[in-house]
Amino acid sequence: QVQLVESGGGSVQAGGSLRLSCVTSGYAYNRHCLAWFRRAPGNEREGVAAIYPRDGLTYYADSVKGRFTVSHDSAKSSAYLQMNGLKPDDTAMYYCATGPCALSLGLPWYGWPDFDHWGRGTQVTVSS
């Protein structure tokens with residue numbers, strides 16, 4: 001059974017940093033992409049960053065490029081999202097998800113797929 005468990009959320013002031021973790025189990029970790037999404041109240045779900053653990057390829061949404069860094073640790077079957085320079089607009093529930101994506105398929109980025117497996121999320125709140 002595929003499981004993803006997020007942690008590391010919290011409340012910070014604008015300009016602060018947080019590091020989210022996503023521990024995975026129940027599948028071949030290096031086989032698929034690991035992605036971070038977020039959803040703020042009243043907003044659509046937004047893809048934030050993705051990584052293909054097998055070769056370290058990454059992708060970032062324009063809204064977080066230069067501020068967020070996605071990484072992974074194969075030994076721990078875990079992915080991370082380092083978030084620096086946080087803004088109030090980053091306030092959202094953050095989720096990790098896994099499945100095929102352009103990075104794992106060797107294709108140009110074609111958008112955020114509908115991943116099959118999701119964690120339950122961790123809340124990030126940024127105050128001004």
Side-chain angles (χ1 to χ4, degrees):
Q1 180 181 1
V2 178
Q3 289 189 320
L4 299 92
V5 180
E6 304 93 336
S7 63
S11 297
V12 296
Q13 290 190 326
S17 298
L18 284 173
R19 185 179 188 239
L20 306 184
S21 299
C22 173
V23 179
T24 75
S25 61
Y27 75 105
Y29 171 77
N30 283 333
R31 185 173 181 181
H32 295 310
C33 296
L34 273 165
W36 288 96
F37 288 80
R38 66 186 181 187
R39 176 176 280 164
N43 287 4
E44 297 287 328
R45 187 178 65 199
E46 175 189 12
V48 173
I51 188 167
Y52 180 38
R54 181 165 290 179
D55 56 18
L57 289 174
T58 58
Y59 178 84
Y60 295 93
D62 288 342
S63 58
V64 305
K65 203 171 292 183
R67 300 188 297 124
F68 291 10
T69 303
V70 61
S71 62
H72 76 99
D73 184 337
S74 293
K76 297 180 179 179
S77 298
S78 296
Y80 307 96
L81 187 67
Q82 178 66 43
M83 306 186 294
N84 298 329
L86 283 162
K87 306 174 182 179
D89 284 349
D90 295 318
T91 294
M93 185 71 81
Y94 282 71
Y95 302 87
C96 64
T98 188
C101 80
L103 302 178
S104 63
L105 298 174
L107 299 172
W109 189 258
Y110 54 74
W112 298 96
D114 292 326
F115 289 102
D116 291 331
H117 303 288
W118 294 80
R120 299 185 71 174
T122 186
Q123 177 68 38
V124 172
T125 303
V126 185
S127 58
S128 57

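All heavy atoms count here, side chains included; hydrogens, waters and symmetry mates do not. Counting begins at 1 with the first residue of the sequence. On a predicted model such as this, the values are computed, not experimentally measured, just so you know.
- Nearest approach of Arg31 to Ser104, heavy atoms of both residues: O-CB, 4.2 Å.
- The residues Asp90 and Lys87 are annotated as not salt-bridged, no charged nitrogen and carboxylate oxygen being separated by less than 4.0 angstrom.
- Interatomic distance, His72 NE2 to Arg54 CZ, rounded to the nearest 0.5 Å: 11.0 Å.
- No single ILVMFWY cluster, assembled from side-chain heavy atoms under 4.5 Å apart, contains both Leu57 and Leu81.
- Scanning all heavy atoms of the two residues, the minimum distance from Leu34 to Thr24 falls at CD2-CG2, 3.9 Å.
- Aromatic ring pairs are classed by plane angle as parallel below 30°, tilted from 30° to 60° and perpendicular above 60°; the pair Trp112 and Tyr59 is perpendicular.
- Checking side-chain atoms of Thr98 against main-chain N and O of Cys33 turns up a donor-acceptor pair under 3.5 Å.
- With hydrophobic clusters built from ILVMFWY side chains whose heavy atoms lie under 4.5 angstrom apart, Val126 does not share a cluster with Phe37.
- For the atom pair CD of Gln82 and CG of Leu20, the computed distance is 8.5 Å after rounding to the nearest 0.5 Å.
- Under a cut-off of 6.0 angstrom, the local environment of CZ in Arg45 is crowded, with over 12 non-hydrogen atoms contributed by other residues, nucleotides or ligands.
- Separating the OG atom in Ser7 from the CZ atom in Arg120 is a distance of 14.0 Å, to the nearest 0.5 Å.
- Smallest separation of non-hydrogen atoms from Ala50 and Val70: O-CG1, 3.6 Å.
- Both Phe115 and Tyr52 are members of a single hydrophobic cluster when ILVMFWY side chains are connected at heavy-atom separations under 4.5 Å.
- Pairing each heavy atom of Ser63 with each of Arg38, the nearest pair is OG-NH2, 3.6 Å.
- Here the closest heavy-atom approach between residue Gly9 and residue Leu18 is recorded as C-CD1, 4.4 Å.
- Atom CG of Leu105 is separated from atom NE2 of His32 by 9.5 Å, given to the nearest 0.5 angstrom.
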key: Residue pair Cys101, Trp109: steps toward the side chain to side chain contact (heavy atoms under 4.5 Å, CB included) verdict   = CA-CA 8 Å; Cys101 80; Trp109 189 258; 4.1 Å; yes
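- Here the two rings, on Phe68 and Trp36, have centers that are 6.0 Å apart or farther.
- Residues Ala14 and Pro88 come closest through the heavy atom pair CB-CD, 4.1 Å.
- Tracing side-chain contacts under 4.5 Å through hydrophobic residues (I, L, V, M, F, W, Y), one never reaches Val23 starting from Met93; they form parts of separate clusters.
- In this structure, Ser77 OG and Leu4 CG are separated by 10.5 Å, a value rounded to the nearest 0.5 Å.
- A cation-pi arrangement is present between Arg19 and Tyr80, with the terminal nitrogen or guanidinium carbon under 6.0 Å from the aromatic centre and inside a 45° cone about the axis.
- Residues Met83 and Tyr60 fall within the same hydrophobic cluster, defined by Ile, Leu, Val, Met, Phe, Trp and Tyr side chains chained together at heavy-atom separations under 4.5 Å.
- Here the side chain of Thr122 pairs no donor or acceptor atom with the backbone of Tyr94 at under 3.5 angstrom.
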message = Checking Gln13 against Leu86 for the side chain to side chain contact (heavy atoms under 4.5 Å, CB included) test, could you report, in this order, the C-alpha distance in whole Å, the side-chain angles of both residues, the deciding distance, and whether it holds?
response = CA-CA 8 Å; Gln13 290 190 326; Leu86 283 162; over 6 Å; no
